[in-house]
Amino acid sequence: MITSSTAFAAQDTPRLPVLVEAAELDQASILEDIAQVFMPRAHWHWHWNDSESIQAEIRAILTDHSGTQESSVFHPDAEIGPLGKAYLLAQADADLPHVRYRWRYAKARLDPPSGPQQVLDLVEVARFNLGPARHQALSDIHGEAQVAPKADFGEGADKVWRLITRPIMGQAADILYAGWRELPESHDINCLGAKCQTAAGLNHRLISWPEANTVDTLIGSSPMALQLIERSLAPGGAYQGDPSSASAWRDIEWPESASAGQSFIEITLEKGIGQEAAIDLVVFHDQLMDHETRAYWRRLTAVDVNPGMPPKVLMSERLIPREPH
């Protein structure tokens, strides 16, 4: 359940990081130049994936989940945005029972020597396996002999994936380039101001949340986490898509105040951390193109209430007003 709590680690308006310097992006004349600076293989040991194979894998995941055959007209991922595709890519690597994801989202512009200007989506999703830490915590309390084997808590290194996508006819987010790298066993990466490897839940402690309200039940056949990701960025958290479709994605406006490569959205999603069978997501959307509101915090939690029934979805939101001039 979402309840109000005291402020914990993040300020009301945290400063989101730059994913890649605008000066480096400005020098790019072709798509591969942008990929080279966004996920450099030489310096940070990024491993590039074949984009067509990745999109085929995502479509297979969605087809298997829905139990329906792929249409000859529209692919099952046609309306899924870049953040949702990044999630599916990370989950396909390992479906962990105790996990935290963190997304960062930016834009870039490409002016090719010939052809029209293109606006690209730059997405980073990091996955943090919390299973080993939970296993250790329970072993410290009850003794290792009384705790399930470590493998039952989930196996998989912490990893980061990056995607470059753009909307085209029939695809909300066509994957142009994708890459990944493995993180060291111990690191200090943070999620909205708190350490991402923290085994306990963070989302409920990031800020002092207003009282939550129940929102419409999730609909559609796509994975619950995927629906939460894309709903979290819809106006007011309301579902925007066709009830029969997999996604509620609508393209995000590029703020005039955000430079190329500067993230202006950060999302954290926690699964298998609390006592309830819940998926807990928080989004901080900064630099809104709005005269009164600069940013917002939004929290969506999906809780399984009754077996075989749709989850109950709770939402809490805080708007950050612009400072008076």
Side-chain angles (χ1 to χ4, degrees), residues 1-19 83 87 98-106 123-128 130 133 188-215 224-225 227-238 252-253 255 257-258 262-276 278-303 311-324:
M1 299 287 289
I2 298 177
T3 58
S4 298
S5 67
T6 57
F8 176 60
Q11 301 172 349
D12 282 353
T13 53
R15 183 173 179 81
L16 299 185
V18 171
L19 295 181
L83 299 171
Y87 165 74
H98 311 287
V99 64
R100 177 176 292 116
Y101 295 95
R102 186 209 64 196
W103 289 259
R104 286 173 174 167
Y105 178 76
V123 183
E124 177 184 274
V125 60
R127 183 200 66 202
F128 307 96
L130 307 181
D188 295 321
I189 294 177
N190 74 78
C191 294
L192 287 168
K195 189 175 180 181
C196 296
Q197 283 187 314
T198 301
L202 297 177
N203 285 355
H204 69 288
R205 298 185 285 170
L206 288 171
I207 64 170
S208 179
W209 291 101
E211 185 176 353
N213 297 310
T214 303
V215 296
M224 178 167 51
Q227 294 189 56
L228 285 179
I229 293 162
E230 305 208 331
R231 176 182 285 204
S232 70
L233 296 168
I252 302 298
E253 191 172 24
S257 54
Q262 180 187 2
S263 60
F264 54 93
I265 292 173
E266 184 162 329
I267 298 174
T268 63
L269 183 149
E270 300 175 342
K271 184 177 74 169
I273 294 180
Q275 295 297 317
E276 299 169 319
I279 296 178
D280 192 351
L281 178 147
V282 166
V283 56
F284 178 70
H285 189 167
D286 198 11
Q287 304 188 58
L288 296 173
M289 299 282 283
D290 186 274
H291 294 298
E292 298 180 355
T293 305
R294 175 202 158 170
Y296 68 76
W297 288 88
R298 184 177 292 154
R299 185 180 180 205
L300 288 168
T301 302
V303 183
K312 181 179 181 180
V313 183
L314 303 173
M315 186 179 82
S316 180
E317 183 178 73
R318 172 183 284 181
L319 303 180
I320 308 298
R322 292 194 178 278
E323 296 181 0

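Here, residue 1 is the first one in the sequence, and each next residue gets the next number.
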Please determine whether side-chain contact (heavy atoms from CB on, under 4.5 Å) holds for the pair Leu206 and Arg299, giving the CA-CA distance in whole Å, both sets of side-chain angles, and the decisive distance to 0.1 Å. CA-CA 10 Å; Leu206 288 171; Arg299 185 180 180 205; over 6 Å; no
Drop me the distance from [X]'s [atom1] to [Y]'s [atom2], to the nearest 0.5 angstrom.
{"X": "Ile273", "Y": "Leu202", "atom1": "CD1", "atom2": "CG", "answer": "7.0 Å"}
{"X": "Ile207", "Y": "Ile320", "atom1": "CD1", "atom2": "CD1", "answer": "6.5 Å"}
{"X": "Leu16", "Y": "His285", "atom1": "CG", "atom2": "NE2", "answer": "9.5 Å"}
{"X": "Met315", "Y": "Ser232", "atom1": "CE", "atom2": "OG", "answer": "10.5 Å"}
{"X": "Leu300", "Y": "Asn203", "atom1": "CG", "atom2": "CG", "answer": "10.5 Å"}
{"X": "Tyr296", "Y": "Ile265", "atom1": "OH", "atom2": "CD1", "answer": "6.5 Å"}

Using every non-hydrogen atom in the two residues, find where [X] and [Y] come nearest and quote the distance to one decimal.
{"X": "Val303", "Y": "Ala278", "answer": "CG2-CB, 4.1 Å"}
{"X": "Pro210", "Y": "Glu317", "answer": "CG-O, 3.3 Å"}
{"X": "Phe264", "Y": "Ala258", "answer": "CD2-CB, 4.1 Å"}

Check whether any side-chain heavy atom of [X] sits under 4.5 Å from a side-chain heavy atom of [Y], and report yes or no.
{"X": "Gln227", "Y": "Val313", "answer": "no"}
{"X": "Asn190", "Y": "Lys195", "answer": "no"}
{"X": "Ile229", "Y": "Trp103", "answer": "yes"}

Is there a donor-acceptor pair closer than 3.5 Å between any side-chain N or O of [X] and the backbone N or O of [Y]?
{"X": "Gln287", "Y": "Pro255", "answer": "no"}
{"X": "Glu266", "Y": "Leu192", "answer": "yes"}
{"X": "Ser263", "Y": "Pro17", "answer": "yes"}
{"X": "Trp209", "Y": "Ser316", "answer": "no"}
{"X": "Arg318", "Y": "Ser208", "answer": "yes"}
{"X": "Arg100", "Y": "Cys196", "answer": "yes"}

Practice problem: Report the residues that fulfil salt bridge (charged side-chain N to carboxylate O under 4.0 Å, His left out) with Glu124, sequence neighbours left out, ordered by chain and then residue number. | Solution: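 Here the qualifying residues are Arg102, Arg162.
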inquiry  = side-chain contact (heavy atoms from CB on, under 4.5 Å), that's the test. Do Tyr105 and Leu233 meet it? Break it down for me.
reply    = CA-CA 12 Å; Tyr105 178 76; Leu233 296 168; over 6 Å; no
Exercise. Quick one: list whatever passes side-chain contact (heavy atoms from CB on, under 4.5 Å) with Asp290, sequence neighbours left out.
Key: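 Only Leu288, Glu292, Thr293 meet the side-chain contact (heavy atoms from CB on, under 4.5 Å) criterion with Asp290.
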Exercise. Using the six-membered ring wherever Trp is involved, compare the ring planes of Tyr87 and Tyr101 and label them parallel, tilted or perpendicular (cut-offs 30° and 60°).
Key: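 Taking Tyr101 first and then Tyr87, their aromatic rings stand perpendicular (interplane angle over 60°).
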